[in-house]
There are 2 protein chains.
Amino acid sequence: MRTEDLPTVRALDLFAAMSDESFADLMQGAFFQRFPPQVMLIEEGDTADFLYVVVEGMVEMIAQGNERETTIAVMEPVSTFILAAVLRDAVYLMSARTLERSRLLMIPAESIREAMERDPAFTRAMVRELAGAFRGVIKSLKSQKLRSAVERLANWLLVAHDDQGANGTVTLGIDKRTLAALLGMTPENLSRAFGTLRGYGIEVAGREIVLSRPDDLRGLAKSNPLIDDRET
Amino acid sequence: MRTEDLPTVRALDLFAAMSDESFADLMQGAFFQRFPPQVMLIEEGDTADFLYVVVEGMVEMIAQGNERETTIAVMEPVSTFILAAVLRDAVYLMSARTLERSRLLMIPAESIREAMERDPAFTRAMVRELAGAFRGVIKSLKSQKLRSAVERLANWLLVAHDDQGANGTVTLGIDKRTLAALLGMTPENLSRAFGTLRGYGIEVAGREIVLSRPDDLRGLAKSNPLIDDRET
DNA sequence: CGGTCGGTTGAAGCTAATCAATTAGAGTGG
DNA sequence: CCACTCTAATTGATTAGCTTCAACCGACCG
């Protein structure tokens with residue numbers, strides 16, 4: 001196993017507070033694995049055997065049903081996914097698929113549960129992590145239930161704009177169909193939503209978006225920190 | 001403080017595993033309080049001062065924004081709410097309002113955080129609780145993004161039917177406007193959705209619903225355990 | 001008995017999904 | 001470098017689902 005990334009993993013909030021021994025134990029059964037793009041890592045309904053950490057690349061969390069499929073979240077380095085299923089020793093509620101060539105750290109679920117038994121600091125970090133994740137989903141649900149498609153897009157753009165330095169441009173890190181699924185709409189509707197935003201100073205050229213009048217956009221978006229602010 | 005309900009609280013998964021001392025400490029600063037119906041207990045944006053336990057009555061969790069309001073969940077005895085905000089020492093993401101005359105146990109947020117520092121068994125119970133809550137919201141989000149309004153209602157009815165003994169009838173514990181908000185639709189649309197379900201053996205008389213052909217309903221609902229099953 | 005409130009019904013409009021066709025772009029191989 | 005291919009994205013036309021507004025009904029309550 002390549003160890004040069006271990007410090008990065010160790011630095012995650014989830015692992016930072018735990019003791020050196022606990023961390024060593026945890027990494028005992030863990031391993032890195034590379035995956036090509038568009039690989040299904042897990043399928044909803046599978047039993048939770050591993051906790052995943054995205055070290056490089058990008059992973060899409062997907063929900064299926066009703067002959068449809070929607071994107072719940074997109075995970076970027078360095079973050080974990082399907083923690084809740086692992087902790088409950090339950091079945092995954094979401095599938096995961098790589099969006100790009102990715103490198104993942106896979107930690108056996110059993111190791112996680114054992115570490116929790118032994119290391120209270122780790123357990124507490126887990127509580128913080130889960131509470132944050134919970135709040136994240138609540139925000140998604142609020143966005144979905146309280147906003148129109150155009151509003152969701154506008155707010156997503158404003159958040160991305162801030163993340164990327166608020167210099168008047170946004171570069172999409174994912175393709176538009178994935179963005180559409182994430183925002184809960186069809187690709188066609190996303191395209192039209194971008195069209196609507198043209199009236200608010202948005203120019204789209206492939207994956208490059210220009211926000212020429214952010215304040216106009218904010219007027220439309222009616223951003224709400226209780227939906228849009230990232231958990232700290 | 002009335003102590004006759006403490007055993008009930010103690011029996012909750014969240015509190016069952018903790019030590020007697022920890023529990024005593026936790027209850028030290030806690031108190032019961034009665035509220036009339038339709039009282040706003042907390043408003044989203046407030047800082048999290050208390051963890052609430054619904055001991056009697058019913059409480060609605062609400063999200064606001066965009067001059068709208070939607071119901072995220074309805075809490076019944078005996079369960080806790082706004083745990084995540086308390087743990088993160090953050091601001092509430094949801095408001096809470098009593099639906100009926102209710103009695104709540106209020107535990108100071110600080111006590112919860114202290115108990116977590118001292119009692120690892122409590123912290124682990126917290127992890128389980130939060131993981132379960134997380135999975136619950138994911139299910140709501142899936143339902144919202146993958147199903148139509150009629151399908152959401154059909155599945156909600158089937159779950160309620162099971163909960164109430166699967167004897168062919170369901171009694172609504174909440175009024176229809178609240179149910180509509182919970183399912184993410186308008187009251188008018190809920191009314192029409194019930195109308196549609198008449199074709200599947202559903203008869204509605206006030207709060208009494210008869211499911212004369214549950215299998216028909218199941219055919220329409222296309223239930224999915226990964227959305228509809230309760231966390232154990 | 002009148003009033004209020006929750007629920008229902010009808011009509012109209014709007015948002016978003018669907019279906020179909022076209023265009024744009026990225027990558028491939030000659 | 002250019003044609004060729006494949007997929008992503010856009011655009012147009014239509015339909016479906018849901019919301020909105022308004023009127024109405026019926027139960028419960030003072």
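Each chain gets a letter, A, B and so on, in the order its sequence line appears, and its residues count up from 1.
Nucleotides of DNA chain C lying under 4.0 Å from heavy atoms of chain A occupy a range whose first and last members, 5' to 3', are C/dA16 to C/dC19.
Not one side-chain nitrogen or oxygen of B/Ser148 sits closer than 4.0 Å to the OP1 or OP2 atom of D/dG17.
A donor-acceptor contact shorter than 3.5 Å links the side chain of A/Thr196 to the backbone of A/Arg192. The backbone N or O of A/Ala63 lies less than 3.5 Å from no partner atom in the side chain of A/Thr70, so there is not a single donor-acceptor pair. At least one donor-acceptor pair under 3.5 Å links the side chain of A/Lys142 to the backbone N or O of B/Leu93.
Listed by residue number, the members of residues 63-74 of chain B with any heavy atom below 4.0 angstrom from DNA chain D are B/Arg68.
Residue pairs meeting the salt bridge (Lys or Arg N to Asp or Glu O under 4.0 Å) criterion with at least one member in residues 79-95 of chain A, sequence neighbours excluded: A/Arg88-B/Glu231, A/Asp89-A/Arg113.
B/Asp175 and B/Thr178 form a side-chain donor-acceptor contact under 3.5 Å, judged by distance and modelled atom types alone. For the residue pair A/Thr171 and A/Glu208, a side-chain donor N or O sits within less than 3.5 Å of a side-chain acceptor on the partner.
Computed from C1' positions of five pairs at each end, the angle between the two local axes of the helix from C/dC1-D/dG30 to C/dG30-D/dC1 equals 30°, rounded to 10 degrees.
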Worksheet item: Between B/Arg230 and B/Val159, is a side-chain contact (heavy atoms from CB on, under 4.5 Å) present by the stated rule, with each step listed?
Response: CA-CA 9 Å; B/Arg230 196 96 64 230; B/Val159 171; 3.6 Å; yes
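In this structure, A/Phe15 and A/Ile107 have side chains that are in contact, with non-hydrogen atoms separated by less than 4.5 Å.
Atom CZ of A/Phe50 is surrounded by more than 12 heavy atoms from other residues, nucleotides or ligands within 6.0 Å.
Using a cutoff of 4.0 Å between basic side-chain nitrogens and carboxylate oxygens, A/Arg147 and A/Asp228 are scored as salt-bridged.
Ring pair A/Tyr52/A/Phe81 is parallel by interplanar angle, where below 30° counts as parallel and above 60° as perpendicular.
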Practice prompt. Determine, for nucleotides 5-11 of chain D in 5'-to-3' order, which nucleotides have protein heavy atoms under 4.0 Å from the base (write B), from only the sugar-phosphate (write S), or from neither (write -).
Written response: ----SSB
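Residues forming a side chain to side chain donor-acceptor pair (under 3.5 Å) with A/Arg213 (at least two apart in sequence, or on another chain): A/Asp216.
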